[in-house]
Amino acid sequence: MKIYNTLTKTKEEFIPREPGKVYMYVCGPTTYNYIHIGNARPIVFFDTVRRYFEYKGFEVIYVQNFTDIDDKIINRALEEGISPIELGQKYIIEYFKDADRLGVKRATVHPKVTEHIPEIIEMVKGLIEKGYAYEVEGNVYFAVDSFPDYGKLSGRDLEELKAGARVEVDEKKKNPLDFALWKKAKPGEPYWESPWGPGRPGWHIECSAMSLKYLGENFDIHGGGADLVFPHHENEVAQSEAFTGKPFARYWMHNGFITVNQEKMSKSLGNFFLVREILEKFPGRVVRFFLLSTHYRSPLDFDDKKLNEAKAALERVDNFVQNLKEVNPLPGEARIEVQEKITNVLRDFNEAMEDDFNTAQGMASLFELVRFGNTQIASGNLTAGDKKLFEEALNVYTQVFGIEFGVSEKITGEDITPFVELLIEVRARLKKEKKYDLADFIRDELKKQGIILEDTPKGVRWKRV
């Protein structure tokens, strides 16, 4: 397996720290709002990475944090008239609602910053004792000059960074690039007691402290969006390796940006989309399918047209799965040509995923399976053994991509299945009584509501569009 390592800027063979185990840390959301589509990309992609490792037989220890205290949370809590801790918990609950609909599995551990203050304080103390950090009037800063390898992850030159930096007037840093490990509490802010007085952690230190606690030193994969490479992940590398004296993470993986009409998504441009809003228009399966349809390191352009294209592509797979369910196969074992073709398709899938998790190419193999399967069903020669092989192959894609094929997901509101089935029964009785106009009226009205009825030899089938 080859993984593109941001640290070395090359594809490297993946060799885990321990045989048969993978230790992963992925930066999670700051809990002051619902997640947006840019948040969703790493959440879905790294969930897929985890799923692939599990499919290959690895035990995966997967950690995804919640930043549940920072300036944005404090400001939003003031707006909503609740405490920052309550606000953080509120949006953690909302995160799981969206993540569940996107088919994202729970991490092994979801640590919160507010529950790991002692570990953070101990790490800050250790950095001061080792000469990598200093205290100024209740604030503690990491001294960037003390870490010679600063910039190795992002590829940025320390002298150029210094030349472009601006010193904030109210701070007394030794170097404008020095970053906060501990922040002195301002009046009215939540705080924790520390050796430097009341305050709270800086952003970067939290991930180092929590990843070291749950994954140990030199763990396998650290992931996140490309926007985190600098300064967040660069600072994680510096403080972690300064603290332990050992390499921090072995492989760094970063997904590309989400763009809207080729422009980076941002609130200032008004092209900022919450997952919650998108899920009102498209099922979670479609959104997940869309997010995996492009290689993770490439930019991904977002709009309704592309989601509709993903929806149509997913329906091709769904229709094949439905046809496979309904076909009456011939008795007998799987035929040699079917065995060979499915073996080759799954080989292509594995090769794609093991070449830096190329989900786009992996999906291409899925559509090759669908194309071949449809020809076999149409031929009338499909055997029971053939059908079983197709089902087993589809299960591989479901397991890895996290998408169940051949199902209809409700978008919003209550489950309408009983009502649709009742109308289908009424329509069948009307047709039996030769009241075709009324039967067609039911079909047409359901279509207006996004429900398509399909008459098949085994009865009426319905689906959302």
Legend entry - Counterpart residues, salt bridge (Lys or Arg N to Asp or Glu O under 4.0 Å), relative to D145 (two or more places apart): K162
Under 4.0 Å between a side-chain nitrogen and a carboxylate oxygen: does that hold for [X] and [Y]?
X: D68; Y: K90; value: no
X: K186; Y: D71; value: no
X: D178; Y: K174; value: no
X: E54; Y: R51; value: no
X: D98; Y: R101; value: no
X: E94; Y: R276; value: yes
X: E391; Y: K388; value: no
X: E368; Y: K341; value: yes
X: K184; Y: E137; value: no

Mutual orientation of the aromatic rings belonging to [X] and [Y] [parallel < 30°, tilted 30-60°, perpendicular > 60°]:
X: F372; Y: F390; value: tilted
X: F273; Y: F302; value: tilted
X: Y132; Y: F142; value: parallel
X: F14; Y: F58; value: perpendicular
X: Y134; Y: Y141; value: tilted

Inset, instruction - Go through the steps to decide whether E241 and K152 satisfy the test salt bridge (Lys or Arg N to Asp or Glu O under 4.0 Å), and finish with yes or no. - result: CA-CA 12 Å; E241 297 190 358; K152 69 178 180 179; 2.8 Å; yes
Legend entry - S208 vs Q239, side chain to side chain donor-acceptor pair (under 3.5 Å): CA-CA, chis, key distance, verdict: CA-CA 8 Å; S208 291; Q239 65 201 8; 2.9 Å; yes
Minimum heavy-atom separation for [X] and [Y], please, with both atom names.
X: A133; Y: V140; answer: CB-CG1, 4.1 Å
X: P190; Y: P84; answer: CG-CG, 3.9 Å
X: I121; Y: E193; answer: CD1-O, 3.5 Å
X: D47; Y: K105; answer: OD1-N, 3.0 Å
X: S365; Y: V345; answer: O-CG1, 3.3 Å
X: N175; Y: L177; answer: OD1-N, 2.7 Å

Donor-acceptor contact present, side-chain [X] to main-chain [Y], <3.5 Å:
X: T10; Y: E12; result: no
X: E234; Y: G151; result: yes
X: R316; Y: R371; result: no
X: E354; Y: E351; result: no
X: Q64; Y: H110; result: no
X: N350; Y: R347; result: no
X: R297; Y: G256; result: no
X: S293; Y: A360; result: no
X: N65; Y: G28; result: yes
X: T359; Y: L292; result: yes

Pair [X] and [Y], ring centroids less than 6.0 Å apart:
X: F349; Y: Y397; result: yes
X: Y55; Y: Y52; result: yes
X: H204; Y: H233; result: no
X: Y91; Y: F66; result: no

Inset, instruction - Check K2, Q361, K11 against D355 for a side chain to side chain donor-acceptor pair (under 3.5 Å) and give me the one that passes. - result: K11
Inset, instruction - Among K72, K112, E206, find the residue that satisfies the side chain to side chain donor-acceptor pair (under 3.5 Å) test when tested with T67. - result: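 Among K72, K112, E206, the one that satisfies the side chain to side chain donor-acceptor pair (under 3.5 Å) with T67 is E206.
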Inset, instruction - I would like to know whether T30 and D70 meet side chain to side chain donor-acceptor pair (under 3.5 Å); could you show each step before the answer? - result: CA-CA 8 Å; T30 300; D70 86 333; 4.6 Å; no
[Y] six-ring centre to [X] NZ/CZ under 6.0 Å and within 45° of normal:
X: R106; Y: F96; answer: yes
X: R288; Y: F401; answer: no
X: R17; Y: Y23; answer: yes

Give a yes or no on this: more than 12 heavy atoms of other residues, nucleotides or ligands lie within 6.0 Å of atom [atom1] of [X].
X: E404; atom1: CD; answer: no
X: Y191; atom1: OH; answer: no
X: K213; atom1: NZ; answer: yes
X: K9; atom1: NZ; answer: yes

Inset, instruction - Quickly, which of I258, T48, N255 forms a side-chain contact (heavy atoms from CB on, under 4.5 Å) with L291? Name it, please. - result: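 Of all the options given, the one that passes is I258.
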Inset, instruction - Please say which of L324, N395, L366, N319 ends up in a side-chain contact (heavy atoms from CB on, under 4.5 Å) with F405. - result: L366
Inset, instruction - Calculate, to the nearest 0.5 Å, the distance between atoms CG and CG belonging to N235 and L228 respectively. - result: 11.5 Å
Inset, instruction - Identify the residue among W252, Y251, F46 that makes a ring-ring contact (aromatic ring centres under 6.0 Å, His included) with H222. - result: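 Among the candidates, only W252 passes.
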Inset, instruction - Find out whether Y25 and C207 are in side-chain contact, i.e. whether some heavy atom of one side chain is under 4.5 Å from a heavy atom of the other. - result: yes
Inset, instruction - Determine, stepwise, if the pair Y296 / N358 fulfils side chain to side chain donor-acceptor pair (under 3.5 Å). - result: CA-CA 7 Å; Y296 77 94; N358 192 336; over 6 Å; no
